[in-house]
Enquirer: 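Structure provided below as structure tokens; questions to follow.
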Amino acid sequence: MSMHYRINVTNKSPQIQSFFFFQAQGRYKGDPTVYSNCLYQALLPPGPGSGAVLTFEINSQPCAGAQTQVSAPTLGRASGSTTACQPIDLATASGANTNDCTYLSVSPLGLSTPEPASGVQAGAFRIVAPVYNPNSVGNFNIGLAMQDTDGGPAIISNFVVAQPNQSIDCQPVSSFYVQVGNYAPGQIFDFASESISAARCDMSMGYTSFNVVYNVDGTWAVMPAK
């Protein structure tokens with residue numbers, strides 16, 4: 001069974017705050033343009049008067065994700081509609097066989113059961129796009145998807161726009177952020193600007209749970225949970 005990541009947020013400001021959660025962008029081979037989606041959003045009243053704590057939980061298992069585009073990626077809009085995902089292994093530095101590659105199908109949308117592939121960079125997975133005509137079948141987003149702890153529908157965490165007859169290698173980064181804002185799950189936001197002042201919880205350091213406090217002065221306190 002895969003682990004779960006958890007972030008507990010307490011609001012010490014005097015107002016109700018809207019918090020949204022997102023993941024660090026994956027490292028994509030070739031440095032294409034990468035887009036980020038919100039994973040979760042909720043309102044949280046002031047903690048001192050309510051005792052309320054907001055908990056965000058997500059499955060640590062990375063998934064390859066694909067999504068049909070409704071329009072070109074636009075800040076503040078949903079990244080797409082129909083989504084497919086497959087839990088996938090990450091390639092090892094030793095080159096041992098891992099199920100680290102999946103094949104995209106576009107009509108209908110889908111991802112194949114992952115299988116081993118050669119040349120995938122260590123810590124990454126691969127998505128291979130088929131030959132297709134975007135003018136007739138549309139465009140697609142491909143990249144990293146994450147699922148909640150109940151195994152519900154996956155959300156595309158970060159992605160690139162697929163190119164016909166090409167592949168992408170994505171190396172997930174296990175860092176998650178909390179920020180004040182009103183982005184809904186699956187909505188595109190500006191990662192570069194929002195991450196600067198957000199609370200960062202780095203799960204790659206071996207922690208799986210963090211306690212985060214939003215202070216009255218707008219700063220954050222981030223503590224690994226025991």
Side-chain angles (χ1 to χ4, degrees), residues 2-26 34-63 65 67 73-80 83 85 141 143-159 172-226:
S2 62
M3 298 183 299
H4 296 163
Y5 294 145
R6 175 183 295 178
I7 301 173
N8 303 307
V9 180
T10 302
N11 176 18
K12 286 192 174 180
S13 78
Q15 295 91 24
I16 295 174
Q17 299 288 348
S18 173
F19 294 106
F20 74 101
F21 298 77
F22 56 96
Q23 186 175 6
Q25 290 187 333
V34 180
Y35 301 91
S36 286
N37 278 341
C38 169
L39 293 174
Y40 180 67
Q41 179 271 338
L43 297 175
L44 182 63
S50 66
V53 176
L54 173 61
T55 297
F56 165 75
E57 286 188 309
I58 202 158
N59 200 317
S60 65
Q61 169 66 54
C63 296
Q67 185 179 56
T74 305
L75 295 179
R77 297 186 63 177
S79 60
T83 301
C85 83
N141 305 323
L144 175 65
M146 302 295 289
Q147 288 183 301
D148 64 25
T149 54
D150 295 326
I155 293 178
I156 302 294
S157 177
N158 50 83
F159 65 91
V173 177
S174 298
S175 287
F176 294 82
Y177 295 80
V178 188
Q179 179 61 291
V180 177
N182 290 302
Y183 293 100
Q187 219 170 35
I188 301 172
F189 67 94
D190 187 334
F191 176 83
S193 61
E194 296 290 357
S195 60
I196 292 175
S197 59
R200 178 171 177 257
C201 302
D202 189 356
M203 308 297 182
S204 69
M205 301 299 292
Y207 303 108
T208 59
S209 184
F210 282 80
N211 294 323
V212 174
V213 177
Y214 183 68
N215 295 311
V216 67
D217 61 357
T219 61
W220 303 91
V222 180
M223 299 149 288
K226 296 182 179 179

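Counting begins at 1 with the first residue of the sequence. The structure displayed is predicted, hence computed values, not measured ones.
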Enquirer: Out of curiosity, Q17 CD to Y214 OH, how far, rounded to the nearest 0.5 Å?
Expert: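 Between Q17 CD and Y214 OH, I get 5.0 Å after rounding to 0.5 Å.
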Enquirer: Over all heavy atoms of both residues, which pair between D202 and Y207 is shortest? Give the atoms and the distance, please.
Expert: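 What the structure gives for the nearest pair is O-CD1, 4.5 Å.
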Enquirer: Determine, step by step, whether S36 and N158 satisfy the side-chain hydrogen bond (donor to acceptor under 3.5 Å, both in side chains) criterion, reporting the C-alpha distance in whole Å, the side-chain angles of both residues, the deciding distance to 0.1 Å, and the verdict.
Expert: CA-CA 4 Å; S36 286; N158 50 83; 5.3 Å; no
Enquirer: Judged by atom type as modelled, is there a donor-acceptor pair below 3.5 Å linking the side chain of Q41 to the main-chain atoms of P185?
Expert: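 Checked: no pair found.
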Enquirer: State, to 0.1 Å, how close M3 and T208 come at their nearest heavy-atom pair, and which atoms those are.
Expert: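 What the structure gives for the nearest pair is SD-CG2, 3.8 Å.
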Enquirer: Rounded to the nearest 0.5 Å, what separates atom CG in L44 from atom CD in Q15?
Expert: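 Reported value, rounded in 0.5 Å steps: 12.5 Å.
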Enquirer: Is a side-chain N or O of Q23 found less than 3.5 angstrom from the main chain of S157, in a donor-acceptor match?
Expert: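 Judged by distance alone, no pair lies under 3.5 Å.
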Enquirer: Can you find a pair of side-chain heavy atoms, one from S79 and one from Y35, that are under 4.5 Å apart?
Expert: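 Sidechains of Y35 and S79: no contact.
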Enquirer: For a side chain to side chain contact (heavy atoms under 4.5 Å, CB included) check, start with the C-alpha distance between F210 and V222, then their side-chain angles and the critical distance, and finish with the verdict.
Expert: CA-CA 7 Å; F210 282 80; V222 180; 3.7 Å; yes
Enquirer: Find the distance between OG (S60) and CE (M203) and round it off to the nearest 0.5 Å.
Expert: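 Going from the OG atom of S60 to the CE atom of M203 covers 10.0 Å.
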Enquirer: Where the side chain of W220 meets the backbone of S197, is there a donor-acceptor pair that is under 3.5 Å apart?
Expert: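 Side chain of W220 to backbone of S197, a donor-acceptor pair under 3.5 Å: yes, one is there.
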Enquirer: Which atom names give the shortest non-hydrogen contact between Y40 and T55, and what distance separates them?
Expert: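 In terms of heavy atoms, the two residues are closest at CE2-O, 4.4 Å.
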Enquirer: I want to check something: taking the side chain as every heavy atom from C-beta on, are F21 and F176 in contact at a cut-off of under 4.5 Å?
Expert: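 Result no, sub-4.5 Å side-chain heavy-atom pair not found.
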Enquirer: What's the separation between atom CG in L144 and atom CD1 in I155, rounded to the nearest 0.5 Å?
Expert: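 Reported to 0.5 Å precision, the distance equals 12.0 Å.
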Enquirer: Hey, what do you get for CZ (F189) to CG (L75), rounding to the nearest 0.5 Å?
Expert: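 That separation rounds to 10.0 Å.
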Enquirer: Quick one: does S195's side chain have a donor or acceptor within less than 3.5 Å of a partner on F191's backbone?
Expert: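 Answer holds: yes.
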